[in-house]
Amino acid sequence: MPQYKFPENFFWGSAASGPQTEGAAAVGGRKDSIWDYWYKTNPEKFHNNVGPQNTSNWYNQYKEDIQLMKQTGHNSFRTSIQWSRLIPDGVGEVNPEAVDFYNRIIDEMIANGVEPFMNLFHFDMPMAMQEIGGWENRKVVDAYVEYAKTAFELFGDRVKFWATHNEPIVVVEAGYMYDFHYPNVIDFKRAVQVAYHNVLSHALAVKAYRALGLDGKIGIILNLTPSYPRSEDPADVKAAHIADLFFNRSFLDPVVKGEFPAELVEILKKHDMLPEADPKDVAEIKNNIMDILGVNYYQPRRVKAKETPVDPNEPFMPEFYFDNYEMPGRKMNVHRGWEIYEKAIYDMAIDIRDNYGNFPFWISENGMGVEGEAKFKNEDGSIDDDYRIEFISDHLKWLHKAIDEGANCFGYHLWTCMDNWSWTNAYKNRYGLIEVDIYDNYKRRIKKSGKWYKALSDNNGF
Ligand code: BGP
């Protein structure tokens with residue numbers, strides 16, 4: 001009898017995305033997304049100059065990979081459809097080869113007892129849509145909703161768990177604030193417009209899903225990085241609260257409550273940063289509440305009150321209100337440079353229980369990235385990743401406690417099943433239960449954590 005037993009029918013599995021695993025980037029009628037384009041123009045932005053062309057070859061090896069999922073205890077798996085594969089120009093013709101491919105992976109998963117969770121957007125804007133302004137353009141919202149509707153019509157008879165977006169705040173931060181992703185814009189006003197259109201596109205996709213009368217569930221996946229204040233001093237607490245408004249509540253409130261937080265709207269108004277918004281669209285956000293929430297969690301955000309006064313001539317950024325804080329003595333994943341703070345998973349679950357009507361959620365990503373994981377190989381080439389087993393179980397203990405105290409969590413998906421390509425970090429940080437040798441024909445090999453995960457899932461706990 002496991003010490004930490006999870007609820008019946010709990011989903012165990014992992015998450016990945018189409019652009020990070022499919023490979024076959026220029027094959028099967030697909031056209032460029034912003035990632036292919038950016039790699040062509042700026043390959044030096046990518047770790048070791050490795051781009052999105054091949055990734056893990058899931059496009060060709062999905063059958064073998066689904067068997068590996070079974071061997072590692074998956075009863076569910078999340079990936080994403082690439083918009084640029086299904087509708088290569090963003091709007092218009094549907095690509096029959098893509099329909100065939102996504103049908104095949106969905107059917108193969110179901111035939112093997114792996115419940116497919118399907119996401120529609122994981123940072124991968126089709127280039128044709130970016131050329132007309134991407135998420136800044138209201139027309140791209142309509143194009144996305146058409147794409148979502150097409151996916152629901154094609155696959156909604158078998159896919160019962162849908163997500164409209166993965167980590168939309170990353171699209172906003174990385175693409176429009178901090179220069180991590182294409183289109184490398186640094187302009188907070190434009191960032192707000194992008195965020196607003198993401199929320200709107202989500203609500204309209206939920207509406208389109210409902211209109212089809214399908215019997216599955218639809219939601220969004222948010223990286224709810226909690227903001228902890230340096231101290232209980234009111235100035236620190238306020239700083240953390242404002243960071244939370246910008247980076248968490250900005251998405252969480254509209255998708256669960258139908259409204260943006262009033263305090264955030266006030267701040268944006270004060271700085272003349274409100275987006276252009278048609279009242280009819282605002283009503284759509286209010287009226288189309290989703291069914292389920294995906295929560296990604298890797299590391300906490302720590303915040304302190306501003307230490308130096310803000311220069312009023314500087315362009316506005318949320319950091320007008322807080323400084324980031326490095327807590328002395330914090331526990332680190334030294335292999336990735338991220339803090340480990342397991343209790344945050346509990347805090348988030350309790351926050352959702354108490355402040356968001358105990359909304360049903362699953363942990364949609366959590367995991368431990370390790371740079372240079374090959375250095376841990378045994379002589380026979382196997383990897384005993386005890387650090388990953390410890391990372392997962394330490395988080396699961398806190399999740400278990402939250403569920404015990406009434407949190408409405410129905411699953412845990414690890415990032416990720418197989419080591420995969422990760423945006424500008426390419427293959428730098430490995431997260432998989434299964435190693436992928438990118439230098440030897442993408443050969444797969446189950447790590448110790450993969451075997452442990454199988455026992456975890458078989459026992460529904462540990
Ligand atoms: C998450 C993304 C994933 C994945 C992961 C690891 O935020 O949703 O797509 O890439 O981060 O990121 P990294 O490889 O940069 O550590």
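In what follows, residues are counted from 1 in the order of the sequence shown. All ligand and atom numbering here is 1-based and tracks the order in the structure.
Interface atoms of ligand 1 facing Asn429, defined by a heavy-atom separation under 4.0 Å, are 13 (P), 14 (O), 16 (O). Heavy-atom contacts of Asn166 reach the following atoms of ligand 1: 8 (O) (cutoff under 4.0 Å).
For the pair Arg336 and Tyr298, the cation does not sit on the ring face, since its NZ or CZ is not both under 6.0 Å from the ring centre and inside 45° of the axis. Judged by the 6.0 Å distance and 45° axis criteria, Arg301 is positioned over the aromatic ring of Phe247.
With a 4.0 Å heavy-atom cut-off, ligand 1 is reached by no atom of Asn223. Using a 4.0 Å cut-off between heavy atoms, Glu167 contacts ligand 1 through its side chain alone, with no backbone atom that close.
When only modelled atom types and interatomic distance are considered, Asp347 and Tyr228 share a side-chain donor-acceptor pair under 3.5 Å. A donor-acceptor pair shorter than 3.5 Å can be found between the side chains of Tyr356 and Asp253.
Looking only at heavy atoms of the protein, atom 13 (P) of ligand 1 is closest to Ser422 OG, 3.4 Å. For atom 16 (O) of ligand 1, the closest non-hydrogen atom of the protein is Tyr431 OH, 2.4 Å. Counting only heavy atoms of the protein, atom 5 (C) of ligand 1 lies nearest to Tyr298 OH, 3.7 Å. The protein atom (non-hydrogen) at minimum distance from atom 15 (O) of ligand 1 is Asn425 ND2, 2.7 Å.
In this structure, Glu373 CD and His335 NE2 are separated by 8.5 Å, a value rounded to the nearest 0.5 Å. Taking CG from Leu433 and CE from Met69, the interatomic distance works out to 10.5 Å, rounded to the nearest 0.5 Å.
Each of Phe123, Tyr176, Phe46, Tyr37 was checked for a ring-ring contact (aromatic ring centres under 6.0 Å, His included) with His181, and the lone residue meeting it is Phe123.
Closest to atom 2 (C) of ligand 1 by heavy atom, among Arg430, His47, Glu365, Met368, is Glu365. In this structure, of Tyr427, Phe123, Trp415, the residue bringing a heavy atom nearest to atom 3 (C) of ligand 1 is Trp415.
A salt bridge does not link Asp179 with Lys45: every distance from a Lys NZ or Arg NE/NH1/NH2 to an Asp or Glu carboxylate oxygen is 4.0 Å or more.
Heavy atoms of His122 approach ligand 1 to within less than 4.0 angstrom.
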